[in-house]
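Presented below is the structure to which this report refers.
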Amino acid sequence: MTYPEITIETDELPPRKTILQRSLSLARKQPLGFAGGLVVLAMLFMGIFAPWLAPFDPEQANFADMLVPPGSTSEMGGGFFLLGTDQFGRDLFSRIIYGARTALLVGFTAAIVGSCSGLALGVASAYFGGYFDLILQRIIDVFMAFPLIIMALAIVAIFGTGTDKVIMAITIPFIPRCARVVRSSALAVREMPYVDAARSIGYSSARIIFRHIAPNVVAPFLIMLTAFLGEAILLEASLSYLGLGVQEPTPAWGLMLQGGAEEYAESAIWVPIFPGLAITVAVFGFNLFGDAVRDALDPRLRSQ
Amino acid sequence: MYTYIIKRLLMLLPTLIGAAILIFLLLRLVPGDVCLLKFGGEGSYADPQQILQCQDRLGLTDPIWLQFFDYMVGFFTFDLGVSMWTSQPVAYEIAIRFELSLQVALMATFVSVIIALPLGVISAAKQNTWIDYLVRTFSIAGIAMPSFWLGILLILGILIGSQAWFGRPWMPPIHFESFFVDPMHNLSQLIWPALATGYRYSAVATRMTRSAMLEVLREDYVRTARAKGLIEKVIVNKHALKNAMLPVITIIGIEFAFLMGGLVVTEQVFNLNGLGKLFVSAVTQADYTMTQALVMLVVAIFVLMNFLVDIMYAWLDPRIRYS
């Protein structure tokens, strides 16, 4: 017995694009967002592979090589300081690479935990309505009355300094901001017929909230999340600069600008320049990336 | 309108009281206190008797509800208490620094407006040209650049610049002198922090101006103006700008409120003895009375500015009427 031969017409399908071609077309359509994405990727790479990328131990003081200018070789032999050293003889390049790790840890944890908690609170507030909504919104009003850095500083005043506490200090003020935005979108979704349908089948509130409403407010949620990333990195740098964030000897960009950077600025200009540049480029990249995400997700902006 | 204003004013009270309760509860959760820090700081030996005396004097041994009662009474009678660290009245400590911070905030707002308005307008008028891209990059850079780094760079620039021009390094004065006593001295000290913060805050306002202008430039009456042959300059500056001002004013008003808090970082860089610096030291020294008073001050300014912006909205745009 023979089977009829099956032929598939392949010439109508466009040739599959390689990753390179796809990213090139993306770069043409969204040049700024693409550049931002590259910065984000580079930073992730730096943070993840820090131990293999950094030529020196970022925390090891080395008094033979204090304030060495960029591009010199080590007095101790066998080392090259690409960006020079600080007042303790620590390699700036290695500290910047490890600093990316600190910034990413704080930034991603704060942004993800903050916006996820905000998502849950915002959707619940819109779904339940009534007194629950009213009371929650008044509490959010109170939280929103604190400027971001003031709230963060107040939390540092309570729990103290250190990487874990900084994450908390940045996460908490994010929660009400995200909850407010998500709630307003969820209010519209709540009126959709499919939510009524889900309720009439007898699904639990938790199921309706997480399976039916939350996926439909993903756009504002993602917009908030990406906007928080840059903000969190900047806030961590500010707190560390004030001496109220990440503590020595952990490498953090804001911390690298504190103390020594101002004192030795005249004679060793590289000490304040490079960490500040790292913060600026990172926040710049995350903001561009966030803007691109917002443009792609916000239908009101799409036409512009 | 007046009933609306009164109603809005009354609605501010619950927010302020809520903030007061929140900050009180948060600060009293802390295990350590100012007395431990004052006498036992840096690992030195502290006499337990001395610490207890100190705690007693500051009322830290009172039951929590009594402390709360004292605090709320003080809050309503505008008695902010005594700094736990310096033993000076909190109101006095704030009063001697208020002028400096207010002046820097005003100057920075001014700087941000004179940067933001022309840039935002030109960027919208020349949408998607190289000017637009340049302005947008400039303003995103302003958001990304931490103001303390900009401050450090400014100080460096002044040092290197003065060295090159006058042959000897010049630094802005460190001692604060009121504008009304010695304006030159005052300005040469405060212009730099105002520039550093102003540029940063101009970024948001520039973007806001741009998008507001873009929206207005698409309106029918702008097309009509073009159709009757008005020159583009008049259309942009007279017809469009006026109507784009509303959202911009909101941003400027809210930014001013943020500035009072945002000065925390800038005052540190330029070594200005203002409210921001006071706040940072109050936090490091676990000075609760000072911290809560300063937080409440910032919150009150913030809430009031929001309220004023809302009222201004109705005043500027006759189409908006609140009931």
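Fair warning: this is a prediction, and the values are worked out from it, not measured in the lab. Naming: A, B, ... by sequence-line order, numbering from 1 per chain.
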Inset, instruction - Compare all side-chain heavy atoms of B/Ile17 with those of A/Val142 and state whether any distance is below 4.5 angstrom. - result: no
Legend entry - Spatial distance of atom CG (B/Leu12) from atom CG (A/Asp141) [nearest 0.5 Å]: 10.5 Å
Inset, instruction - Find the distance between NZ (B/Lys277) and CG (A/Leu242) and round it off to the nearest 0.5 Å. - result: 11.0 Å
Legend entry - Part of B/Ser147 lying under 4.5 Å from any heavy atom of chain A: neither
Legend entry - Under 3.5 Å: donor-acceptor pair, side chain of B/Trp149, backbone of A/Gly254: no
Inset, instruction - Side chain from CB out, backbone as N, CA, C, O: work out which of these in B/Leu22 comes under 4.5 Å of a heavy atom of chain A, or both, or neither. - result: side chain
Legend entry - Part of A/Met144 within contact of chain B (heavy atom distance under 4.5 Å): backbone
Legend entry - Separation of A/Leu153 CG from B/Thr284 OG1 (nearest 0.5 Å): 9.5 Å
Legend entry - Leading residue by heavy atom contact count with chain B [cutoff under 4.5 Å; candidates A/Thr161, A/Val281, A/Leu234]: A/Leu234
Inset, instruction - Could you look at A/Leu244 and say if it's the side chain, the backbone, both or neither that has a heavy atom under 4.5 Å from chain B? - result: side chain
Inset, instruction - For atom CZ of A/Phe146, decide whether the heavy atoms of other residues, nucleotides or ligands shown that lie under 6.0 angstrom number more than 12. - result: yes
Legend entry - Interatomic distance, B/Phe279 atom CZ to A/Ile150 atom CD1 [nearest 0.5 angstrom]: 4.5 Å
Inset, instruction - Output the distance between atom CD1 (B/Ile152) and atom CG (A/Leu257), rounded to the nearest 0.5 Å. - result: 5.0 Å
Legend entry - Atom of B/Val298, atom of A/Pro147 and distance for their closest heavy-atom approach: CG1-CG, 3.6 Å
Legend entry - Spacing of CD1 belonging to A/Ile273 relative to CG belonging to B/Leu153, to within rounding of 0.5 Å: 5.0 Å
Legend entry - Region of B/Leu16 that comes under 4.5 Å of a non-hydrogen atom in chain A: neither
Legend entry - Heavy-atom contact with chain A under 4.5 Å, split by part of B/Val303: side chain
Inset, instruction - Pick one of side chain, backbone, both or neither for A/Leu277, based on which atoms fall under 4.5 Å of a heavy atom in chain B. - result: both
Legend entry - Test log, rule salt bridge (charged side-chain N to carboxylate O under 4.0 Å, His left out), inputs A/Asp291 and B/Arg136: CA-CA 12 Å; A/Asp291 277 5; B/Arg136 281 163 71 186; over 6 Å; no
Inset, instruction - Could you pull out the closest heavy-atom pair between B/Ala144 and A/Val283, with the gap in Å? - result: CA-CG1, 3.6 Å
